[in-house]
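One-based numbering along the sequence shown. Computed over heavy atoms, backbone and side chain alike; hydrogens, waters and symmetry mates excluded.
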Amino acid sequence: MSKKVLVLSTSPRKGGNSDRLADEFARGAREAGNIVEKICLSDKTIGFCKGCLACQRTQSCVLRDDAAAIVQSMLTADVIAFATPVYYYGMCGQMKTMLDRSNPLYSADYRFGDIYLLAAAAEKEESTVDGTVNGLQGWVACFEKARLAGTVFAGGVTSVGEIQGHPALQKAFEMGRSIG
């Protein structure tokens, strides 16, 4: 049975290295027969969470921007993959802002279970992604049906296209293809 897979590419850079990881993960998930939706946050207007918690009562944010439609896609997805560049050993600001804005999901009847992280960074050390993993795990921990199902890290890539030929692309494809 096919699953609904949502891939959120959070990089501000279209066609960047983490966006390429997102594309490979999506390609693998499609090849496995899943329904895949990819959303690029670089095309969206998403304001910062105000911390008012009105969404806990209404399951809707008081801010009117593109986050509401993304949260709706997250609500109905079986699987969510977040793709991010790693800046200063953490997820990019756009990803963190989207996680904060997904607060209406906390009290909702969400479908997602498996969460994936696809990350790229200029630094090569595997530990470079630890802060990003920890940040996402903090979000995942708030959803009892969810778990961090896998992580792909591409280290040593900075400029757009530098990821070409990196083994992480194949790993992202295979991870996407394993969904089913």
Side-chain angles (χ1 to χ4, degrees), residues 1-44 69-87 90-92 94-96 98-99 102 105 110-137 139-140 143 145-180:
M1 181 176 189
S2 68
K3 293 184 177 178
K4 182 179 175 193
V5 178
L6 175 63
V7 180
L8 292 174
S9 181
T10 69
S11 177
R13 210 166 52 168
K14 284 186 183 185
N17 297 312
S18 64
D19 194 41
R20 289 284 313 282
L21 287 172
D23 288 340
E24 286 304 299
F25 183 91
R27 187 171 71 86
R30 273 190 201 96
E31 204 171 274
N34 297 294
I35 299 160
V36 179
E37 177 185 13
K38 181 184 174 199
I39 298 173
C40 295
L41 297 190
S42 63
D43 298 332
K44 307 297 180 190
I70 298 167
V71 167
Q72 198 57 39
S73 289
M74 292 171 77
L75 176 72
T76 60
D78 298 301
V79 174
I80 302 173
F82 292 94
T84 183
V86 176
Y87 296 153
M91 67 185 75
C92 71
Q94 293 82 345
M95 180 170 162
K96 177 63 170 111
M98 190 63 236
L99 291 178
S102 69
L105 294 170
Y110 61 90
R111 281 184 26 199
F112 56 85
D114 288 346
I115 306 296
Y116 293 89
L117 175 63
L118 313 166
E123 294 82 9
K124 290 181 181 179
E125 298 79 24
E126 285 294 320
S127 63
T128 299
V129 76
D130 291 353
T132 304
V133 170
N134 289 337
L136 182 57
Q137 283 180 320
W139 181 83
V140 170
F143 298 95
K145 294 187 285 187
R147 71 183 183 103
L148 185 57
T151 299
V152 174
F153 175 62
V157 295
T158 305
S159 302
V160 170
E162 209 170 322
I163 198 168
Q164 187 63 36
H166 197 289
L169 289 172
Q170 183 65 28
K171 187 175 176 188
F173 171 77
E174 290 170 6
M175 195 173 280
R177 194 171 60 190
S178 73
I179 297 168

Which heavy atom of [X] sits nearest to which heavy atom of [Y], and what is that distance?
X: Ser11; Y: Ser42; answer: O-CB, 3.5 Å
X: Ser9; Y: Asp19; answer: OG-OD1, 2.7 Å
X: Cys92; Y: Thr84; answer: N-OG1, 3.1 Å
X: Ile179; Y: Phe25; answer: CD1-CZ, 3.4 Å
X: Lys44; Y: Ile70; answer: CG-CD1, 4.0 Å
X: Ala22; Y: Lys38; answer: CB-CE, 4.1 Å

### Message
Checking Leu136 against Leu99 for the side chain to side chain contact (heavy atoms under 4.5 Å, CB included) test, could you report, in this order, the C-alpha distance in whole Å, the side-chain angles of both residues, the deciding distance, and whether it holds?
### Response
CA-CA 8 Å; Leu136 182 57; Leu99 291 178; 4.3 Å; yes

Report yes if the side chains of [X] and [Y] come closer than 4.5 Å at any heavy-atom pair, otherwise no.
X: Lys14; Y: Cys40; value: no
X: Leu21; Y: His166; value: no
X: Met95; Y: Leu117; value: yes

#### Entry: Residues Glu24 and Arg27 bridged, charged N to O under 4.0 Å
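Between Arg27 and Glu24 there is a salt bridge, with a charged N closer than 4.0 Å to a carboxylate O.
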
### Query
Salt bridge between Asp78 and Arg111, side-chain N to carboxylate O under 4.0 Å?
yes

From [atom1] ([X]) to [atom2] ([Y]), nearest 0.5 Å:
X: Gln137; Y: Ile115; atom1: CD; atom2: CD1; answer: 11.5 Å
X: Leu6; Y: Ile39; atom1: CG; atom2: CD1; answer: 5.0 Å
X: Phe112; Y: Arg147; atom1: CZ; atom2: CZ; answer: 14.0 Å
X: Met74; Y: Phe143; atom1: CE; atom2: CZ; answer: 7.0 Å
X: Ile80; Y: Lys4; atom1: CD1; atom2: NZ; answer: 9.5 Å
X: Arg13; Y: Ser18; atom1: CZ; atom2: OG; answer: 8.0 Å

Strictly distance-based, threshold 3.5 Å: is any side-chain N or O of [X] a donor or acceptor partner for the main-chain N or O of [Y]?
X: Asn17; Y: Ala121; answer: no
X: Asn34; Y: Lys3; answer: yes
X: Tyr110; Y: Lys145; answer: yes
X: Thr10; Y: Ala83; answer: yes

